[in-house]
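Below is one structure, written out as structure tokens; comments come after it.
Numbers restart at 1 for each chain; the letters A, B, ... are given by sequence-line order, proteins then strands.
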Amino acid sequence: MKQERAATDHILALTLKIGAYTAFALIVAGVLLQFVTPFGSKITLAGVLVLLATPVLRIIVAGVQFVRERDMKYALVSLGVLCIVVLAYFLGIQT
Amino acid sequence: MTLGVAFLLVVLGFLAGGFGALAGLGGGIILTPVLAIYFHLPIHQAIGISLLSVIATSTATSSQYVEHHVTDVRLGMTLELATTMGALIAALVAQHMNRRTLAVLFVCFLAYSAASMVKKAWGSRQEEHQTTVPDYKVRNYPLGLGASLIAGGLSGLLGIGGGPIKVPVMYLFMKVPLRVATATSNFMIGVTAATSAYIYWGRGDMKTSVAIAAPLVGGVFAGSLLGARLAPKVKTFYILVLLIVVMGWLAAEMLYKVVTGGLS
């Protein structure tokens, strides 16, 4: 195992973990609070948005990490995936 | 929504996420039909909600596999080029497909997945848990990309992860060890499902469903975090058998609804 690959794995795992636990905490808090205050549903929505954003964040983090490793081939692959996902986002809004 | 329904959704999510993580399955394959059949949601809405659960499972469980260097991140990113493209196209097409066609497609995929799990269950009786990842060289990228395009397409159409398509192709044709193939497929699912989720979200199929999706996703998170932790310690044979029965039942029920026109 190369040192760089281990570092990439670590930072990606961290990104996924932070995204997962943040979304989880917000959603649980929101679901419980919505029975008490209308503001609860706003927290829930924030949790769902974090959930939706985490995969994109993960692509960006991977891409940046590949650039730092001077692995331009996979940096480009990451950029390609990012472009498709962003395209989906805009197509979704338009249609 | 009443407290009772919310509680039911949490339990459903917990079971789907937990058993899904134990069996290496997204959980979407269980959730879409259950939401459509028993919660009487329109199938497009059920798919959108299921996609959120699939993202939750993938995000919650893949961090552990990535951390332990089981996931092949480079292979995953490469195949994601195809899965996201497939998901994008399929999510656009799905809007124009009627619910019966989607339901029939779903029944076919349920049957296929159940069959592939029978094979897996049979194998799990003898196989020891692999603890180390052997060296390997990835082969046959074109075939892998083609299968990923189809898997991504099914993900966007049906609100599933597409693991039962990608894992065998990576294992059998790309010569990736089974454990790596499963972890990498799981890693890709989040991005793939997010791609089609954006389109469903933009269409408004999801904004109205946040109230239903949230308790479900909360349950899925808890279930899959627990499942992923237990997975290395649990004998999967009985879990696989249970899931095969559940999937068979859901396929039959959905087919019955299609024939009798009882699907909303």
Checked A/I84, A/I27, A/L26 vs chain B; the most non-hydrogen pairs under 4.5 Å come from A/I84
Under 3.5 Å, is there a donor-acceptor pair linking the side chains of B/E67 and A/H10? yes
Based on non-hydrogen pairs under 4.5 Å, which of [options] is most in contact with chain A?
| options | answer |
| --- | --- |
| B/A214, B/A193, B/G219 | B/A214 |
| B/V220, B/L81, B/T195 | B/L81 |
| B/T192, B/V191, B/V217, B/L225 | B/V191 |

Please look at [X] and chain A and tell me whether the side chain, the backbone, both or neither of the residue comes under 4.5 angstrom of a heavy atom of that chain.
| X | answer |
| --- | --- |
| B/Y65 | neither |
| B/A91 | neither |
| B/T71 | backbone |
| B/L88 | side chain |

What closest approach, in Å, do [X] and [Y] show between heavy atoms, and which atom pair accounts for it?
| X | Y | answer |
| --- | --- | --- |
| B/S50 | B/L31 | OG-CB, 4.3 Å |
| A/A13 | B/V66 | N-CG1, 3.9 Å |
| B/L51 | B/S196 | CD2-OG, 3.8 Å |

Check whether more than 12 heavy atoms from other residues, nucleotides or ligands sit under 6.0 Å from atom CE of B/M85, and answer yes or no. no
B/Y141, OH: over 12 other non-hydrogen atoms inside 6.0 angstrom: yes
Engaged part of [X] at the chain B interface, taking heavy atoms whose separation is under 4.5 Å:
| X | result |
| --- | --- |
| A/L49 | side chain |
| A/T54 | side chain |
| A/F24 | both |
| A/A53 | backbone |

Could you check whether B/R74 pairs with A/E69 (Lys NZ or Arg NE/NH1/NH2 to Asp/Glu carboxylate O, under 4.0 Å)? yes
Nearest-0.5 Å distance that lies between atom NZ in A/K42 and atom CG in A/L45: 9.0 Å
